[in-house]
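Owing to the predicted nature of the structure, the values given are computational and were not obtained by experimental measurement. Numbering starts at 1 and runs along the sequence shown.
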Amino acid sequence: RSWKCTGMPVSCAHETGIPVHFHTIGGRSPDVTKMPTHIQRRVFAVHITGFQMHMSAMLMGLIFSGAPERYPNLKIVIGEAGLGWIPYVLQHMDLEWEDQFKDLDLKMKPSEYWHRQFYATYQTDPVGIELLKHLGEDNVMWGSDFPHPDGIWPDSKEFIDRELGPLPAAVRQKVVRDNAAKLAANKDIVAAIGSSCSSEAVPGAPILWKAGIVTVSPSNTAPRLTAPDRGADYGGYMRTAHNDSVQGRVAAEFLSALEK
C-alpha cells in the first residue's frame, strides 16, 4: 500500500484502510457578551453539557450520505464524544430509514454500517458501557485524553476498574487496547500499543501524519504511561492523535466529497 494520499480523503481512506477521525466539535459558541453573569453561566452550562451530542449530526450525515455503502473499507472514528447517546441515534436512524427513507443509497440498516465501519472513543461513560451490547464491544475505544486538563489521567486506572471492572477480561482488553491496535492496522503501531506506548516506540505515527488523515494512534508526545507510580500496566493507555487545523480541512473536504 502507498501511504501517499493524493485523492480526496474518502477514497484515500477506503484504499489505504487508514481510519478518518472526527473529533468532537460541539456547537457554535453562544454569544453571551450582553447577558448578565449569572445568565452567562446558565448558557455555558447548557453548551458544555450538550457539547458531545452535536456529533450525532455528523454520525447521521455520514451514514445517510451512503459513503459507508460506496466505500466498504472506509473506517470512521467518532472521537472523544462519549457513548451513551449513540445507541438511541442508531435505533432511531433504523426506524426512520425503515419508515420513509429507503430511497437513500443504503443496502443495510444504518446501525449495520455502524457495526461494520464505525468506532467511538471516550474517557468515562458508565451509562455507555452499560449499553455496550448495542454499541458493539469491537466498536469502542477508551482513552485518557492525556494531557488535557479535562481528561481523567492520572486517575485512569480507577476509572477503568470502576467502569469496566464488571466486564469479562477479554472485553476490557478490547476496549482499552485491542480495538485501537486492530484499527491502526500498522505493525509498528500495533507493537507500540502492545508494549509501552512510549514516544520512542511509535515509528509509524509520523507516517499517519504525512498521510494527511486524522487517525487513531498512541500519542507520540505523551510520556511512558506504564511507570510504577501510575499503577498497573494496561499496555493500552491511548491518546487520540489529532490536529485541529488538519481536522477542519479533512472534515470539509470529506463532507464535500460526499455530495459528489
Side-chain angles (χ1 to χ4, degrees), residues 19-27 29 44-45 47-56 58-59 76-86 118-129 131-132 135 139-165 167 172-184 189 192-193 196-199 201-202 205 208-209 213-227 229-248 250-251:
V20 178
H21 185 128
F22 289 92
H23 188 271
T24 185
I25 55 175
S29 297
F44 187 58
H47 177 67
I48 290 299
T49 303
F51 192 89
Q52 295 178 323
M53 286 177 282
H54 280 272
M55 291 301 287
S56 62
M58 178 69 74
L59 174 59
I76 296 174
V77 180
I78 304 297
E80 208 173 321
L83 307 173
W85 56 270
I86 297 175
F118 284 76
Y119 306 83
T121 74
Y122 80 105
Q123 288 87 256
T124 172
D125 192 335
V127 172
I129 292 302
L131 298 173
L132 198 58
L135 287 156
N139 302 79
V140 171
M141 298 177 289
W142 171 83
S144 68
D145 200 31
F146 175 91
H148 292 173
D150 60 342
I152 61 173
W153 187 88
D155 303 312
S156 307
K157 184 179 184 297
E158 287 75 10
F159 277 88
I160 290 174
D161 288 343
R162 182 168 62 249
E163 297 183 17
L164 302 181
L167 300 178
R172 290 199 304 272
Q173 181 163 307
K174 281 185 177 183
V175 173
V176 301
R177 186 184 73 177
D178 291 355
N179 290 342
K182 184 178 179 180
L183 184 64
I189 295 175
I193 295 173
S196 67
C197 275
S198 67
S199 59
V202 194
L208 300 175
W209 287 111
I213 289 183
V214 184
T215 188
V216 171
S217 76
S219 172
N220 60 348
T221 59
R224 185 184 180 97
L225 297 184
T226 54
D229 62 329
R230 296 305 180 197
D233 179 3
Y234 281 88
Y237 282 96
M238 296 293 297
R239 273 282 296 134
T240 304
H242 66 275
N243 177 285
D244 290 342
S245 61
V246 173
Q247 176 74 34
V250 171

> Can you tell me how far NE2 of His23 sits from CE of Met55, rounded to the nearest 0.5 angstrom?
Replying inline: 9.0 Å
> Got a second to check how far Ile78's CD1 is from Thr24's OG1, nearest 0.5 Å?
Replying inline: 9.0 Å
> Backbone N or O of Gln123 within a donor-acceptor pair of the Glu80 side chain at under 3.5 Å?
Replying inline: no
> How far does OH of Tyr119 sit from CG of Asn179, to the nearest 0.5 angstrom?
Replying inline: 8.0 Å
> In Å and rounded to the nearest 0.5 Å, what is the CG to CD1 distance from Leu164 to Ile129?
Replying inline: 5.0 Å
> Just by modelled atom types, is the Gly84 backbone N or O under 3.5 Å from a matching donor or acceptor in the Asp125 side chain?
Replying inline: yes
>> On a heavy-atom basis, which atom in Ile86 and which in Ala120 lie closest, and how many Å separate them?
In response: CD1-CB, 3.8 Å
> Rounded to the nearest 0.5 Å, what separation is found between the CG atom of Leu132 and the NZ atom of Lys174?
Replying inline: 9.5 Å
>> Would you compute the distance between atom CD1 of Ile76 and atom NE2 of His21 and round it to the nearest 0.5 angstrom?
In response: 11.5 Å
>> Please identify which of these residues, Leu183, Val20, Asn139, meets the side chain to side chain contact (heavy atoms under 4.5 Å, CB included) condition with Val77.
In response: Leu183
>> Please determine whether a side-chain nitrogen of the Lys or Arg among Lys157 and Asp161 lies less than 4.0 Å from a carboxylate oxygen of the Asp or Glu.
In response: yes
> Side-chain contact, heavy-atom cut-off 4.5 Å: Tyr122 with Val175?
Replying inline: yes
> Shortest non-hydrogen contact from Trp153 to Ser156?
Replying inline: CA-OG, 3.6 Å
